[in-house]
Trainee: 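This is the structure I have questions about; it appears just below.
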2 protein chains.
Amino acid sequence: MHSLAEENYLKTLFSLSNDKAEVNVNDLSKRLGIKMPTVTSMMKKLATKKLVHYESYKPLRLTEKGKKEAALIIRKHRLTEMYLVEKMGFGWEQVHEIAEQIEHIQSSEFFAKMDELLGYPKLDPHGSPIPDKNGKMVWSAYSKLSECKKGDTVKITAVINTSEEFLKFLNSREIHIGLKLKIKSIEPFDNSMVVTYDKRNAETLSQIVCERLLVEK
Amino acid sequence: MHSLAEENYLKTLFSLSNDKAEVNVNDLSKRLGIKMPTVTSMMKKLATKKLVHYESYKPLRLTEKGKKEAALIIRKHRLTEMYLVEKMGFGWEQVHEIAEQIEHIQSSEFFAKMDELLGYPKLDPHGSPIPDKNGKMVWSAYSKLSECKKGDTVKITAVINTSEEFLKFLNSREIHIGLKLKIKSIEPFDNSMVVTYDKRNAETLSQIVCERLLVEK
DNA sequence: AAAGAAAGTTCGGTCACCCTAAATCGAAAA
DNA sequence: TTTTCGATTTAGGGTGACCGAACTTTCTTT
Ligand SMILES: [Mn+2]
Ligand SMILES: [Mn+2]
Ligand SMILES: [Mn+2]
Ligand SMILES: [Mn+2]
């Protein structure tokens, strides 16, 4: 159907579009580690395939078709991550790189089987929603931990930015999806938070960490 | 390490070398569905990487390094097939195409985990040996069913040529690895065999089928 | 041994995907 | 409003992987 390169452009453009109102060639270039002229020509190619609306010097926009294709690739990525964690025993910090490759496997039966064996999961191991077979994806209305107040008790529901180092940091603090924690205090100087959970009495989390944790109250 | 194309050439050359004494550019070309000039230039490229001994107009030969690399790809292919059958519930006729893609995944942890979850299997679902981590592969000394005699009782140990149609044919006759069968008679005209097994009293198997079944006495 | 057929190579392309350097555009600053 | 500078496109190249056409070598047949 689509080449590996095309799939990675589509998926990345889709993800960036969920974070920012406007996505430029430069943004996509930086995220993919591919130079701008290359990105421009790929956008023109995807435009001929009716996956992207492309106009010179304008922000990049996926077509409805492009959004659906992208969401289906993300579906394969997240199903894979879930499978690797739940059925194969990998840690949540190990699965992204493998899923980055397996998401390009062309076999609907393979992903349908994963889905079935997992019991049709709605979320991946990092708390992100798994798009359905039609490419529909719904994010629950979570807050960032950094936006919570002193005294709040919240439950961790998802992690933004799933880099291996960040996830290893969370492992070292025994922080995981579903964990309930209470905000003891917020340092006004740097917005770091002191929180308690389980047997941990007073863990300090920097603002950078708190901005990457999504919670529910 | 190697590109997807290089890996497919290596693996196919290795497999053909196990079937025939000499493998020519033409053989590889036909098996891969790639034209001869392309095969020639890839052989030259693999020669510069010390994976193939290449001399104009001579049969193709893998170097020891090339044999090892190829066997390790076949290892990944067969581990995958075994995993798909044993852990995911696919039929043995469904797994080859998926494994053809997954064999190119670059993650030693992923294949090590499959191996572990499978309990370090020695054979794939079609009875072919899985090369070890050093690329060592041993075929047991099996006979073709077609070489057996009237009255022999044999156990099916492997299938040569694992095309989906052939495996579906075997499914329809309830023939599988481990099945014991007895040769009732051999038709001298076309070398077809009448065999009995389980509740099947008199199945006729053509010579073409009998040549594709490996057995142990 | 000569001729013809098959196999293999060489040569000149194409296409996908990537790059750098140079030109151009457009938004922010002067 | 003009300047300036970052963002973007254009132009020109490179590599990997494929192809067909034409040529050469080797094998087979007579
Ligand atoms: Mn991921
Ligand atoms: Mn990917
Ligand atoms: Mn196979
Ligand atoms: Mn393959």
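Atoms considered below: every heavy atom in the structure, side chains included; atoms not considered: hydrogens, waters and symmetry mates. The structure displayed is predicted, hence computed values, not measured ones.
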Trainee: Within 45 degrees of the axis of the six-membered ring of A/Phe14 and under 6.0 Å from its centre: does A/Lys67 put its NZ or CZ there?
Mentor: no

Trainee: Find the distance B/Met42:CE to C/dT10:P and express it as a whole number of Å.
Mentor: 17 Å

Trainee: Side chain of A/Lys44: nearest nucleotide among C/dA7, D/dT10, D/dC18?
Mentor: D/dT10

Trainee: Between B/Tyr57 (OH) and D/dT25 (P), how many Å, whole number?
Mentor: 6 Å

Trainee: In whole angstroms, how far is the P atom of C/dA6 from the CG atom of B/Asp27?
Mentor: 15 Å

Trainee: Starting the side chain at C-beta, find the nucleotide from D/dC19, C/dA7, D/dT9 nearest to A/Thr40.
Mentor: D/dT9

Trainee: With the side chain of A/Thr38 defined as its heavy atoms from C-beta on, choose the nearest nucleotide among C/dT10, C/dC19, D/dT10.
Mentor: C/dC19

Trainee: Hey, could you give me the CD1/CG distance between A/Ile175 and A/Leu205, rounded to the nearest 0.5 Å?
Mentor: 5.0 Å

Trainee: B/Met43 CE to D/dC18 C1': how many Å, rounded?
Mentor: 14 Å

Trainee: Looking at B/Arg75 and B/Asp115, does any basic side-chain N land under 4.0 Å from a carboxylate oxygen?
Mentor: yes

Trainee: Rounded off to whole Å, could you give me the NZ-to-C1' distance for the B/Lys35 and C/dG12 pair?
Mentor: 18 Å

Trainee: Does a side-chain N-to-carboxylate-O contact under 4.0 Å join B/Lys11 and B/Glu69?
Mentor: no

Trainee: Whole angstrom is fine here: how far is it from CD in B/Glu55 over to P in D/dT24?
Mentor: 22 Å

Trainee: Looking at B/Lys49 and B/Glu6, does any basic side-chain N land under 4.0 Å from a carboxylate oxygen?
Mentor: yes

Trainee: Distance check needed: D/dT8 P versus A/Met36 CE, whole Å only.
Mentor: 6 Å

Trainee: So what does B/Ser41 touch, heavy atoms closer than 4.0 Å: a base, only the sugar-phosphate, or nothing?
Mentor: nothing

Trainee: Among C/dA7, C/dC18, D/dT9, which is the nearest nucleotide to the side chain of B/Asn26?
Mentor: C/dA7

Trainee: With nearest nucleotides of DNA chain D determined for A/Ser56 and B/Pro37 from heavy-atom distances, which residue corresponds to the more 5′ nucleotide?
Mentor: A/Ser56

Trainee: Starting from C1' on C/dC18, measure out to CG on A/Leu4 and report it in whole angstrom.
Mentor: 14 Å

